[in-house]
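To start, the structure itself, in structure tokens.
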Amino acid sequence: MDVRSIQNLSCIECYLASSDQSQEECTEKCKLVDASVSSEEDIMEDKSVPCLLRGENECVITFLMATDEQGKTTIHNIKQKDCPQPPNITMIVLGVTIAVVVTGVVLLCIWKLWISFHDRKEVAKFEAERSKAKWQTGINPLYRGSTTTFKNVTYKQKERQTGSVADSY
């Protein structure tokens with residue numbers, strides 16, 4: 001890469017971004033670096049040096065630069081190509097969000113499968129212990145029924161007195 005190519009970068013970028021109104025401004029910038037921009041195609045390409053620069057916006061700029069007998073630099077065949085696109089922030093955020101959610105769901109599924117497997121082992125162990133029990137499976141030896149019958153020996157139905165205070169209510 002020629003050092004003169006780097007010096008001419010502001011001139012070249014001005015011509016790429018210019019409208020018809022700012023042509024004089026670009027001509028002034030190019031005079032500062034002792035260069036001129038030509039749109040003619042008849043400049044001999046064998047005397048031209050191909051240049052490739054990366055501009056401020058990271059776009060690749062290609063052009064041909066020739067120096068005549070008086071030492072004047074002429075720039076021609078300016079082309080801008082390969083401008084990188086800015087990153088799509090919404091897609092990045094969406095991708096990260098989906099990745100986090102999917103990772104969470106996968107971890108929850110793995111946890112559920114592990115707990116399910118562990119519970120099945122515990123139930124099988126319990127069932128094995130229950131089948132080895134020596135008591136009858138229909139009756140719990142620790143359980144005793146809650147209803148008991150008591151007989152009141154002092155209470156007799158026949159000896160009930162008529163006209164007692166309890167009957168008046």
Side-chain angles (χ1 to χ4, degrees), residues 1-30 32-33 35-39 41 43 45-46 48-66 73-152:
M1 181 182 300
D2 195 356
V3 175
R4 292 177 294 170
S5 299
I6 297 171
Q7 292 172 347
N8 295 327
L9 181 62
S10 62
C11 171
I12 294 165
E13 282 184 334
C14 182
Y15 268 96
L16 283 173
S18 72
S19 60
D20 292 333
Q21 302 156 352
S22 62
Q23 288 293 329
E24 297 111 16
E25 187 180 315
C26 292
T27 306
E28 291 298 319
K29 280 187 177 181
C30 291
L32 290 174
V33 292
S36 64
V37 176
S38 173
S39 59
E41 297 293 329
I43 297 175
E45 292 196 20
D46 59 340
S48 299
V49 176
C51 293
L52 181 105
L53 293 175
R54 194 169 293 274
E56 288 181 9
N57 54 359
E58 296 298 316
C59 292
V60 175
I61 302 168
T62 59
F63 58 94
L64 296 174
M65 189 170 66
T73 303
T74 305
I75 300 168
H76 59 94
N77 201 13
I78 302 172
K79 294 179 184 170
Q80 183 174 1
K81 54 185 172 182
D82 295 335
C83 291
Q85 297 295 323
N88 191 348
I89 301 299
T90 56
M91 291 307 286
I92 292 171
V93 169
L94 184 66
V96 168
T97 303
I98 288 173
V100 167
V101 168
V102 167
T103 303
V105 168
V106 166
L107 288 175
L108 284 174
C109 288
I110 291 171
W111 176 257
K112 179 66 177 168
L113 286 172
W114 185 77
I115 291 296
S116 189
F117 176 73
H118 183 70
D119 286 348
R120 285 183 187 160
K121 265 179 47 177
E122 288 291 321
V123 167
K125 186 177 174 182
F126 172 75
E127 291 293 332
E129 286 179 7
R130 197 172 83 174
S131 68
K132 292 178 185 177
K134 294 183 180 177
W135 64 82
Q136 295 176 356
T137 56
I139 300 170
N140 187 345
L142 300 177
Y143 176 74
R144 190 177 293 168
S146 63
T147 45
T148 55
T149 307
F150 293 100
K151 292 185 180 179
N152 190 352

Here's a test for you: under side-chain contact (heavy atoms from CB on, under 4.5 Å), which of Val105, Val106, Leu107 qualifies with Cys109? Val105
Out of Val96, Val101, Leu94, which one pairs with Ile98 under the side-chain contact (heavy atoms from CB on, under 4.5 Å) rule? Leu94
Let me check something: any side-chain donor-acceptor pairs from residues 118-128 under 3.5 Å, sequence neighbours excluded? List them with distances.
none

Qualifying side-chain hydrogen bond (donor to acceptor under 3.5 Å, both in side chains) pairs, either residue in residues 90-111, two or more places apart: Asn88-Thr90
Strictly by ring-ring contact (aromatic ring centres under 6.0 Å, His included), give each pair with a member in residues 85-105 just once, sequence neighbours left out. none
